[in-house]
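In what follows, chains are A, B, ... by sequence order, proteins preceding strands, each numbered from 1.
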Amino acid sequence: MSSEMLPVTDFIREIIDKDIKNNRYGGRVATRFPPEPNGYLHIGHAKSVCLNFGIAMQYRGTCNLRLDDTDPAGESMEYVESIINDVHWLGFDWEDRLYYASNYFEKLYEFAVRLIKKGKAYVCDLSTDEIKEYRGTLTSPGKESPYRNRSVEENLDLFARMRAGEFEDGSRVLRAKIDMSSPNITMRDPVIYRIKREPHYRTGKTWVIYPMYDFAHCLSDAIEHITHSICTLEFENNRPLYDWIVNELIEEGDRPRQIEFARLNLSYTILSKRRLIELVEKGYVTGWDDPRMPTIAGMRRRGYTPEAIRTFCNRIGVAKKDNLVDIALLEACVRDDLNEHAPRVMAVLKPLKLVIDNYPDGKVEEIECANHPQNPAMGTRKVPLSKILYIEQDDFHEYPPKKYKRLAPGRKVRLRNAYVIKFADMVRDDKTGKILEVHCTYEPESKDSLKSDKRNVEGVIHWVSAEHAIPAEVRLYDRLFQVPDPAGMDDDFSKYLNPKSLEILTLCFVEPCLQKAAQGSRYQFERLGYFCVDLKDSSPLKPVFNRIVSLRDTWAKGASHS
RNA sequence: UGGGGUGUCGUCAAGCGGUAAGACACAGGCCUUUGGAGCCUGCAUUCGGAGGUUCGAAUCCUCCCACCCCAGCCA
């Protein structure tokens, strides 16, 4: 039923199958999810989380959570906490295997010393610009640094003094001695340690030198006995370096293997950390957890469920092709999950007063309504009905368009869960001509209609009793961008922001049971969509609902029916 | 002009020499006290292109084309 249940196959699992068959790593499978704590996790990370933890679960292996914190600039505990929170929320657990690359700084230093002793690394005094110049270009080879052939002893001494803080930032680096003429620029004596007097959020001022990604990552994998180090495509160029370092320093049989897959791109949004930061800092959104953001925090606040996100990640598959996944697929996963689990309630977003002329004054009926028409196990609730109701402005038209199945002069409709009503009259504002209220009569015997009792009913509309309804604020969220691929546009992506990505409705009415709805709880507002009680701004005094996603609507799709 | 990758329906994606899965989207229909949900039907004679091998090719070979990544002391 759920796509999560389907057996998952992809090229990575095929590689793992093969490794197991060949008894590589003794049949062991160990993965890791290694974010750098310098930003919030987004749906693209979720793909990686589901992949790494999913594989571990499937093969009865392990998946570590490792904070890849080798560059103190921009990293912080706030991000670590958000990452921990988000991965847990997604439904994954690393037990006691929460690791930090920064915990390995001493070991990594020792590895570097070993590399120097093997004559495979040297301290280079070239400036940043000089290193760049010596590196050559894509099409021309680089040239060797004049410091390349320093003695092991001198290198050892210099490296120790780098650590001791004797040199200025940027004055020296440690480089791997590989091949300055390699067609792969990554292999042209890559920098593996730099001097940086930036306090680290975990190690403080203990270190003034920090290992580079290429050096730290593969060795961190090895330290943790990772078998399959899964990363995104842009690291494919780095794999020869990964293998080189691991071959130099790690025993055969314990060397992790890097496998690359295509990162997720999602239509109508952006997923690059840099641009996400820009959205937040320039105030285009209210924060990392703005419900329009593709961050885990944003989607959580929007009301997306972890189940839906996991299903999505499984449905998109894993491959090496650049992709732009239709956000409609994500929305479909959200609808699938919510359709099954969200209780139904009635809410009127843009109210229009409706009076039932022949309904007794002061009478209140408690109508028993199913919480889920297809699932009786979800029970029922009582909803008050009285003479004066609110209905949706869109559900009445003085001059109904073709195929309109709602209320109009001369027509009958059914009030959802209740009576059939017939149009009687309408009250108009003399000045504007706007309809202020609609009058109807009801058919007292029509509540529990039999099938034969359809009697020319045009359709079904939802309602709420004016006297009993709870005022609420509803925030209608829509796609953040107007174009399918904002990141692919060559000019400023902010030009393509959707001005209607948020519409705030402050005069809505919801049925009484929602008064005490808990923050984060999700409902289907019948005929409208799925809504979530806002995690931050909602309170019993002033309920606030976020639209998670609208209902699939074949009527609305048929262009404008004005 | 170097190197590394990738090209199968509008979008993802199976396929691993035996005659193009599935999902989303889209279009019809049935059903319905949510224009929801559910159900049914349709939707690539063709796999970036051109040659070749083969009884047989999306799958093997050759050449070509397009797109992505790499010249941070970021990850």
Side-chain angles (χ1 to χ4, degrees), chain A residues 3 6 9-10 14 34-36 38 68 70-71 73-74 124 126-128 131-133 135-142 169-175 182-188 190-196 209-210 212-214 216-217 231-240 260 262 264 267 273 312 315-333 335 339-340 344 346 370 372-374 403-406 413-418 420 446-449 451 453-454 457 459-462 484 524-529 550-558:
Chain A
S3 65
L6 296 173
T9 313
D10 54 62
E14 280 177 12
E36 183 186 12
N38 67 349
D68 205 2
T70 56
D71 179 4
C124 180
L126 255 24
S127 70
T128 305
I131 285 182
K132 182 175 177 171
E133 187 191 327
R135 188 151 37 218
T137 71
L138 292 178
T139 52
S140 60
D169 286 14
S171 62
R172 279 178 236 256
V173 292
L174 184 69
R175 293 228 252 171
S182 170
N184 181 350
I185 293 182
T186 308
M187 300 296 273
R188 317 237 261 232
V191 172
I192 57 178
Y193 262 92
R194 75 282 213 182
I195 303 172
K196 200 166 192 168
I209 58 171
Y210 294 96
M212 299 288 290
Y213 166 84
D214 285 309
H217 199 95
C231 64
T232 46
L233 245 33
E234 65 269 27
F235 292 103
E236 210 147 21
N237 295 318
N238 302 48
R239 186 167 28 152
E260 312 85 9
L264 169 70
S267 67
K273 203 178 271 185
F312 171 75
R315 283 203 212 173
I316 58 177
V318 180
K320 297 190 73 162
K321 190 180 68 171
D322 286 338
N323 58 73
L324 182 62
V325 175
D326 192 343
I327 197 168
L329 178 60
L330 211 207
E331 293 167 349
C333 293
R335 285 196 191 97
N339 174 49
E340 195 181 336
R344 272 59 172 168
M346 290 192 283
H372 189 122
Q374 278 72 46
K403 293 185 180 173
Y404 188 71
K405 289 169 55 178
R406 309 175 189 180
V413 295
R414 175 176 290 284
L415 293 173
R416 174 70 170 157
N417 294 122
V420 171
S446 63
K447 191 160 67 174
D448 304 305
S449 76
K451 261 204 163 175
D453 205 12
K454 278 176 125 178
V457 172
V460 179
I461 64 172
H462 56 93
Q524 184 195 95
F525 289 0
E526 287 198 88
R527 304 208 309 130
L528 296 173
S550 65
L551 248 29
R552 191 166 160 270
D553 188 347
T554 51
W555 164 253
K557 221 179 319 191

Please report the distance, rounded to the nearest Å, between [atom1] in [X] and [atom2] in [N].
X: A/His372; N: B/rU33; atom1: NE2; atom2: P; answer: 16 Å
X: A/Leu329; N: B/rC12; atom1: CG; atom2: P; answer: 11 Å
X: A/Gln524; N: B/rU34; atom1: CD; atom2: P; answer: 11 Å
X: A/Gln374; N: B/rC31; atom1: CD; atom2: P; answer: 17 Å
X: A/Arg315; N: B/rA25; atom1: CZ; atom2: C1'; answer: 13 Å
X: A/Ile461; N: B/rG36; atom1: CD1; atom2: P; answer: 17 Å
X: A/Phe312; N: B/rG22; atom1: CZ; atom2: C1'; answer: 16 Å
X: A/Arg406; N: B/rU34; atom1: CZ; atom2: P; answer: 13 Å

*Report the nucleotide, chosen from B/rC24, B/rG36, B/rG35, that has the shortest atom-to-atom distance to any side-chain atom of A/Val460.*
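It is B/rG35.
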Test of understanding: with salt bridge (charged side-chain N to carboxylate O under 4.0 Å, His left out), list the residues that count as partners of [X], not counting sequence neighbours.
X: A/Glu260; value: A/Arg239, A/Lys320
X: A/Asp553; value: none
X: A/Arg406; value: A/Asp395
X: A/Asp214; value: none

[X]: which residues meet the side chain to side chain contact (heavy atoms under 4.5 Å, CB included) condition with it, sequence neighbours left out?
X: A/Ala262; result: A/Leu233, A/Asn323
X: A/Asn417; result: A/Met346, A/Ile367, A/Cys369, A/Glu526
X: A/Pro240; result: A/Asn184, A/Met187
X: A/Pro35; result: A/Phe33, A/Leu41, A/Leu65, A/Leu67, A/Ile83

Distance check, [atom1] atoms only: [N] and [M], in whole angstrom units.
N: B/rA57; M: B/rA50; atom1: C1'; answer: 15 Å
N: B/rG10; M: B/rC70; atom1: P; answer: 29 Å
N: B/rC39; M: B/rA23; atom1: P; answer: 11 Å
N: B/rC60; M: B/rG7; atom1: P; answer: 12 Å
N: B/rC9; M: B/rC43; atom1: C1'; answer: 8 Å
N: B/rC47; M: B/rU59; atom1: P; answer: 9 Å
N: B/rC12; M: B/rG52; atom1: C1'; answer: 33 Å
N: B/rA66; M: B/rG56; atom1: P; answer: 32 Å

Strictly by Watson-Crick or wobble contacts shorter than 3.5 Å, is anything paired with [N], and which nucleotide is it?
N: B/rA37; answer: none
N: B/rG42; answer: B/rC26
N: B/rU6; answer: B/rA66
N: B/rG17; answer: none

Compare every heavy atom of [Y] with every heavy atom of [X], then report the nearest pair and how far apart it is.
X: A/Ala73; Y: A/Lys196; result: CB-NZ, 4.3 Å
X: A/Arg188; Y: A/Thr137; result: NH2-O, 2.6 Å
X: A/His372; Y: A/Asn339; result: CE1-O, 2.8 Å
X: A/Glu36; Y: A/Asp68; result: CG-O, 3.4 Å

*ring pair (Phe, Tyr, Trp, His ring centres under 6.0 Å) with A/Tyr213: which residues, sequence neighbours excluded?*
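Ring pair (Phe, Tyr, Trp, His ring centres under 6.0 Å) check on A/Tyr213 returns A/His217, A/Phe235.
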Just call it for [X]: base, sugar-phosphate, or nothing, with non-hydrogen atoms closer than 4.0 Å on any strand.
X: A/Glu331; value: nothing
X: A/Ala262; value: nothing
X: A/Pro373; value: base
X: A/Val413; value: nothing
X: A/Arg344; value: base

Kindly say if [X] contacts the phosphate of [N], meaning a side-chain N or O under 4.0 Å from OP1 or OP2.
X: A/Lys557; N: B/rA25; value: no
X: A/Arg335; N: B/rG36; value: no
X: A/Arg552; N: B/rA37; value: yes

*asked:* Between the base of B/rG4 and the side chain of A/Arg239, is one N or O donor paired with an acceptor at under 3.5 angstrom?
replied: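 Counting by modelled atom types and ignoring angles, no donor-acceptor contact under 3.5 Å is found here.
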*Check whether the side chain of A/Arg527 and the base of B/rU34 form a donor-acceptor pair under 3.5 Å.*
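Not at all, since no donor on one side and acceptor on the other fall under 3.5 Å apart.
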_Partner of A/Met212 under side chain to side chain contact (heavy atoms under 4.5 Å, CB included), chosen from A/Val191, A/Val173, A/Asp71_ =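 Testing each of A/Val191, A/Val173, A/Asp71 against A/Met212, the sole residue satisfying side chain to side chain contact (heavy atoms under 4.5 Å, CB included) is A/Val191.
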*Given A/Val325, A/Leu330, A/Asp326, the one that forms side chain to side chain contact (heavy atoms under 4.5 Å, CB included) with A/Ser267*: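 Of the listed residues A/Val325, A/Leu330, A/Asp326, the side chain to side chain contact (heavy atoms under 4.5 Å, CB included) partner of A/Ser267 is A/Asp326.
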*How does protein reach along nucleotides 70-75 of chain B, written 5' to 3' as B (base within reach of a heavy atom under 4.0 Å), S (only sugar-phosphate), or - (no contact)?*
BBSBSB
*Heavy atoms under 4.0 Å is the rule here; annotate nucleotides 6-11 of chain B 5' to 3' with B where the base is hit, S where only the sugar-phosphate is, and - elsewhere.*
SSS--S
*asked:* Which is it for B/rG36, anti or syn, if anything within 90° of zero counts as syn?
replied: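 For B/rG36, whose glycosidic angle is more than 90° from 0, the conformation is anti.
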Nucleotide N/O of nucleotides 15-17 of chain B paired with protein N/O under 3.5 Å:
| residue | atom | partner | partner atom | Å |
| --- | --- | --- | --- | --- |
| B/rC16 | N4 | A/Glu14 | OE2 | 2.8 |

